[in-house]
Structure formats: structure tokens, C-alpha cells
Amino acid sequence: EYMGENIRRKMVFDARVCLDEARQGKVLDERTMRSLCEYVKEIFVEEPNLVPVSAPVTVVGDVHGQFHDVLEMFRVSGMPPETSYVFLGDYVDRGANSIETLTLLLLFKAW
């Protein structure tokens with residue numbers, strides 16, 4: 001059974017500070033973003049393809065880079081980790097804030 005406790009590596013960035021900035025729609029500098037991507041990549045590589053999720057959970061469809069809609073969803077449904085979410089994909093493309101949206105979701109994964 002997957003428990004997730006062995007995959008957390010030492011972060012080379014301050015996730016709390018980055019999360020506060022990301023919630024405001026600020027874009028992380030390139031070095032921090034690369035570190036975040038590498039960190040989350042390690043998590044994804046070590047996770048099984050199917051991760052058990054306990055109810056209650058909020059299932060989210062395509063967000064398409066709609067950063068403000070994602071923030072509103074968190075405001076209405078609750079912020080992670082108090083509320084559990086499953087995002088189905090299509091995080092970027094049509095919206096004007098694809099980088100901000102992906103950054104926010106990656107930071108919550110890293111958190």
C-alpha cells in the first residue's frame with residue numbers, strides 16, 4: 001500500500017514563500033521553477049500509477065490555465081491539504097495564466 005512518506009526529498013526552495021507568491025499570481029524565477037519541477041518530478045516518478053484516495057475528495061476537470069477560476073474553486077471548496085483534490089489534467093493552454101496555474105498546482109503537490 002502506498003503511503004507517500006518516503007518520496008519527499010529536501011527542497012532547495014522555500015515552498016511556503018513560493019506558495020504565498022503563487023497565490024498572488026506571481027511567476028517564480030527560472031531557477032526556483034526548475035527546482036520545483038525537478039522536485040515534483042521525483043514525486044511523480046516514485047508514486048504508483050494509481051494512488052489510493054480517501055473520501056471525501058473534490059474531482060476537478062480541465063482547468064485550461066484559468067488561474068482565477070482555480071483560486072475561486074479553492075476559496076469555495078477549501079485549500080489543500082484541508083480539502084483533497086484529484087485533478088484530471090489539461091492544466092494549461094487556453095487561459096491567459098497557464099504558468100501561474102501550473103506553478104500553483106505543482107507547489108501544492110510539493111507541499
Salt-bridge test for Arg34 and Glu38: reply yes if a basic N is under 4.0 Å from a carboxylate O, no otherwise. no
For the rings on Phe87 and Phe108, is their centre-to-centre separation under 6.0 Å? no
How close do Ala110 and Ile43 get, counting heavy atoms only, and between which atoms? CA-CD1, 4.2 Å
Is there a chain of hydrophobic side chains (I, L, V, M, F, W, Y, each step under 4.5 Å between heavy atoms) that links Phe67 to Ile99? no
Is there a donor-acceptor pair closer than 3.5 Å between any side-chain N or O of Thr58 and the backbone N or O of Tyr85? no
Pairwise distance CD(Glu100) to NE2(His68) - rounded to 0.5 angstrom: 7.5 Å
To the closest 0.5 Å, what do you measure between CG (Leu28) and CG (Leu104)? 10.0 Å
In the single-linkage hydrophobic clustering (I, L, V, M, F, W, Y; side-chain heavy atoms under 4.5 Å), do Phe44 and Leu102 co-cluster? yes
Between Gly61 and Leu88, what is the shortest heavy-atom contact and its length? CA-CD1, 4.2 Å
Please report the interatomic distance CD(Glu47) to CG(Leu50), rounded to the nearest 0.5 Å. 11.0 Å
How long is the straight-line distance from CG of Asp93 back to NE2 of His64, given to the nearest 0.5 Å? 5.5 Å
Which value, rounded to the nearest 0.5 Å, describes the distance between Leu107 atom CG and Met33 atom CE? 7.5 Å
Taking all heavy atoms of Val53 and all of Val57, pick out the closest pair and write down the distance. CG1-CG2, 3.6 Å
Can you measure from CD (Gln24) to CG (Leu19) and round to the nearest 0.5 angstrom? 10.5 Å
Test side-chain contact (heavy atoms from CB on, under 4.5 Å) on Cys18 and Thr32 and set out the steps. CA-CA 9 Å; Cys18 291; Thr32 304; 3.6 Å; yes
I need the minimum non-hydrogen distance between Met79 and Arg23, along with the two atoms involved. CE-NE, 3.2 Å
Any idea which heavy atoms bring Tyr91 and Thr101 closest together, and the distance? O-CG2, 3.7 Å
Where do Thr83 and Ser77 come nearest, in terms of heavy atoms and distance? OG1-O, 2.9 Å
